Number of protein chains: 2
Amino acid sequence: MIKFSRKTEYALIAIQYIANKGITEFSTAKEISDNYNISYELLAKILQRLAKNNIITSTKGVNGGYKFLKSPDDVTLSEIIESLNESYALTRCLKKNRPNKTDCQIADCCTLKNPVAIIQNRLNIFFDDITIRHLM
Amino acid sequence: MIKFSRKTEYALIAIQYIANKGITEFSTAKEISDNYNISYELLAKILQRLAKNNIITSTKGVNGGYKFLKSPDDVTLSEIIESLNESYALTRCLKKNRPNKTDCQIADCCTLKNPVAIIQNRLNIFFDDITIRHLM
DNA sequence: TACAAATAAGACTAAATTTGTCGTATATAA
DNA sequence: TTATATACGACAAATTTAGTCTTATTTGTA
C-alpha cells in the first residue's frame, strides 16, 4: 500500500497548523492534539522528532512550544518523511539506510531492481518538489 | 510508509517475467515462483487477481498458464495496483472505494484534505504514466 | 477413461508493522 | 516552588500484511 502513515499525517497537520501561525507565535503539542483530536503523547513524540531534525524549533517550559524558523518554501515533504524515520522507498532493496542483505534474498539477481530504481528516482523528485507551502 | 507491498512487488516481478516471454508462450505460477523463490500459493493468488482484472489472460489445464494479450504500453502501474485491490491513496479520506466515515473523524473540518488532494492528483498522473514497458 | 498439470478461490494462521499508552526526566517562566 | 512544557524510551494493543492449507475445476495426454 502506498500511503502516508498516521505519523506522517499527524506531522503534516501539525506543520500546517504551526506554519499558519507565522514565525513568532508558539504552538504547543496539547493545543494541536486538542484541536484535531489526536493522541497527545503520539503527537508530542512526532513534534519532538521534527524538532530534533530541525524542521521546527522547540522551547521548553511555560509559554514554550514549537514554531518555525525556516521559510515554508524551504522544507520539503521528503525531509519531513525522513525526519520521522519513515521512508518512501518503493522496495526493500532501495532503502537508503537499510541495505540489509536478509531483506530480500533475490536482490542480487533481481531483474526488477533497475527499472524500479528509475521509478524511485522520479518519485524522489516528486517528493522533493512538494514543500510546506503546498499545505498552506 | 510509502512502499510497494509484497503483493505488488511479486506482481511486478511476474508481469516482467511474462512480458519478456512475448505474447505467444505461457508462463506458469510454478515456473515463476521457483525462479524467484516466491511462495507458490501467494504468487498463484496474485496471478489469479491479475487475470481476473484482465491484466493477463489465463488458460487452465496441462500446458496452460498465463500470458499477455495487451501491449506492454497499454498496462499502467495504476491498473496493476488497483487490480490487486491495493491502493495508492495517500490518506484514508482520499480512498476511492472506501468513503468510510469512521475512517477519519476529522475529515469534515480537516484543513489538510484539500492540499493533500492536490498532491494525490499529481501522484495519480505519476502512476498512470508508468507502464509495463518501463519494467522491460 | 484415468491421471497429471494447471488455474480458481476462500478460509485460516502467523508474522510484522503500526499505532497508541505510560512513566519518568528535564527545562523554564511566574 | 509549582505549573506548564518538551524529551525520551519501554511497553502494549490493534491492525495489516504475508503466507499456508484445502478443495474445486479445467484440460491435454497416455
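In this text the structure is predicted, and so the values were computed from the model without any measurement. Numbers restart at 1 for each chain; the letters A, B, ... are given by sequence-line order, proteins then strands.
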Nucleotide interval of DNA chain C bounded by contacts with chain A (heavy-atom cut-off, under 4.0 Å): C:dT19 to C:dA30

Measure the CD1-CG distance between A:I119 and A:N114 for me, rounded to the nearest 0.5 Å. 11.5 Å

Results of salt bridge (Lys or Arg N to Asp or Glu O under 4.0 Å) for A:D129 - residues two or more places apart only: none

Could you tell me how the ring of A:F4 sits relative to the ring of A:F127: parallel (under 30°), tilted (30 to 60°) or perpendicular (over 60°)? tilted

For A:R92 and B:R6: C-alpha separation, side-chain torsions, deciding distance, then whether side-chain contact (heavy atoms from CB on, under 4.5 Å) applies. CA-CA 10 Å; A:R92 291 160 285 166; B:R6 293 284 170 97; 3.2 Å; yes

Kindly state which residues belonging to residues 32-45 of chain A come within less than 4.0 angstrom of DNA chain C, counting heavy atoms of the residue only, listed by number. A:S39, A:E41, A:L42, A:K45

Residue that, paired with A:E79, satisfies side-chain contact (heavy atoms from CB on, under 4.5 Å) out of A:I81, A:L77, A:V75: A:V75

Positions of residues 51-65 of chain A (non-hydrogen atom under 4.0 Å from DNA chain C), listed by number: A:K60, A:G61, A:V62, A:N63

Is there a continuous path of hydrophobic side-chain contacts, each under 4.5 Å between heavy atoms, that joins B:I32 to B:M136? yes

Can you name the side chain to side chain contact (heavy atoms under 4.5 Å, CB included) partners of B:T28, sequence neighbours left out? B:K30, B:E31

With heavy atoms of chain A within less than 4.0 Å as the criterion, where does contact along DNA chain D begin and end? D:dA3 to D:dT17

Minimum-distance pair of heavy atoms, taken over all atoms of B:Q120 and B:L90: OE1-N, 2.7 Å

Closest approach of B:A89 to B:K95 (non-hydrogen atoms, all atoms of both residues): CB-CG, 3.7 Å

Should A:Y88 and A:I2 count as side-chain neighbours, where that means a heavy-atom distance under 4.5 Å? no

Starting from the C-alpha separation in whole Å, work towards a yes-or-no answer on side-chain contact (heavy atoms from CB on, under 4.5 Å) for B:Y17 and B:I13. CA-CA 6 Å; B:Y17 186 96; B:I13 287 174; 5.5 Å; no

Flag yes if A:I130 and B:F126 sit in one hydrophobic cluster, no otherwise; membership is Ile, Leu, Val, Met, Phe, Trp, Tyr, and two members link when side-chain heavy atoms are under 4.5 Å apart. yes

